[in-house]
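Read the structure below first, then the notes.
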Amino acid sequence: MPQTNTSADTLLIADCPVCRKKVLAAVRGEVVEPPDDDIGREDPCRVVLVACTTCQTAMVLASNFLQGPDEWESPENVWPNGASMVDAPHRVQRAFQEAYRCFHQANAYSATATMARRTLELVCNDQGASGNTLAKKIDWLKQNDKIEGRLLDWATALRFVGNDGAHGDAVKRQDAEDALVFTEALLEHIYVLTVQYEEFSERRRRRAQRKASAVPSPATEA
């Protein structure tokens, strides 16, 4: 049976995936993550566990510190109906989350495309891409074996649809949704699959070295 919130509950506004609307949500716990240079998080981040006061669905909200005593941005859903997270720099994550919210919460398709393009640009910067245009930065990613084949095509498509959004041209819903999918695939490739493959290759290299060192040389056998 659903619990009713009491007057002692701290309430926040959240997007409930079950009620499919903005609801009051009761805070059940929170953690403040400190700044972390290693992941590019320049300011503290407040992560809050809440429960919808209507259906009791659990959600996780996050907000970034602004300034002054206990001043935070409006909290936004990051789970379960937030953007999927990868181990990317904080600025990259925030840009992709904003693109996700523009699509799923605001139905703002041009803004979705613009923020997807912004995410791509931040990825290029994080990877050290050179060039004074996004097209040149994408080419740098190709030349330095960061992306290839279909991912290169997707990055180029993101640049085009992002340009449409940034220049005020209407972006269709399907194009905005595809931009999100392409962006997520790019993040997954660069920040997850590439790292996993490098770790896999390093393990195999070390294993081969150990096997080679364990084989006795002809001189030792003699």
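The figures here come from the full heavy-atom set of this structure, side chains too, leaving out hydrogens, waters and symmetry mates.
- In this structure, the side chains of Asn64 and His90 come closer than 4.5 Å at one or more pairs of heavy atoms.
- Ala116 approaches Ala99 most closely through the heavy-atom pair N-CB, 3.9 Å.
- Ala166 and Thr114 make their closest contact through N-OG1, 3.2 Å (heavy atoms, listed as atom of the first residue, atom of the second, distance).
- Put simply, the side chain of Ser63 never gets that close to the backbone of Trp72: no donor and acceptor are under 3.5 Å apart.
- Side chain of Thr194 to main chain of His189: a donor-acceptor pair is present (N/O by atom type, distance under 3.5 Å, no hydrogens or angles).
- Side-chain N or O atoms of Gln127 include none that pairs as donor or acceptor with a backbone N or O of Val123 at under 3.5 Å.
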*Should Tyr191 and Asp126 be marked as a side chain to side chain donor-acceptor pair (under 3.5 Å) after you check the CA-CA gap, both sets of side-chain angles, and the distance that decides it?*
CA-CA 11 Å; Tyr191 294 109; Asp126 175 62; 2.7 Å; yes
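- Using a 4.0 Å cut-off between charged nitrogen and carboxylate oxygen, Glu30 and Arg46 count as a salt-bridge pair.
- Of all heavy-atom pairs spanning Thr57 and Cys55, the tightest one is OG1-SG, 3.0 Å.
- Side chain of Asn144 to main chain of Trp140: a donor-acceptor pair is present (N/O by atom type, distance under 3.5 Å, no hydrogens or angles).
- Between the Thr54 side chain and the Val23 main chain, no donor and acceptor come within less than 3.5 Å of each other.
- In this structure, Val78 and Leu61 have side chains that are not in contact, with every pair of non-hydrogen atoms separated by 4.5 Å or more.
- Separating the CG atom in Leu180 from the OH atom in Tyr100 is a distance of 8.5 Å, to the nearest 0.5 Å.
- Judged by distance alone, the side chain of Asn77 and the main-chain N or O of Asp15 form a donor-acceptor pair under 3.5 Å.
- For Ala155 against Ile147, the heavy-atom pair with the smallest separation is CB-CD1, 4.1 Å.
- Two residues are said to be in side-chain contact when any heavy atoms from C-beta on lie closer than 4.5 Å; Glu76 and Gln97 fail this criterion.
- At a threshold of 4.5 Å between non-hydrogen side-chain atoms, the residues Leu120 and Arg117 do not count as touching.
- Without hydrogens or angle criteria, Asn163 side chain to Arg159 main chain gives a donor-acceptor distance under 3.5 Å.
- The closest side-chain heavy-atom distance from Glu121 to Lys137 is below 4.5 Å.
- Within the 4.5 Å cutoff, side-chain heavy atoms of Glu177 are placed close to those of Phe103.
- Side-chain contact between Val32 and Cys45: absent, with no pair of heavy atoms (C-beta onward) separated by less than 4.5 Å.
- The environment of CZ in Arg205 is crowded: more than 12 heavy-atom neighbours from other residues, nucleotides or ligands sit within 6.0 Å.
- A salt bridge between Lys136 and Asp139 is absent, with no side-chain N of the basic residue lying under 4.0 Å from a carboxylate O of the acidic one.
- Within the 4.5 Å cutoff, no side-chain heavy atoms of Val192 are placed close to those of Tyr197.
- Around atom CD1 of Ile13, no more than 12 heavy atoms belonging to other residues, nucleotides or ligands sit under 6.0 Å away.
- Judged purely by atom type and a 3.5 angstrom limit, Thr53 uses its side chain to pair as donor or acceptor with the backbone of Leu24.
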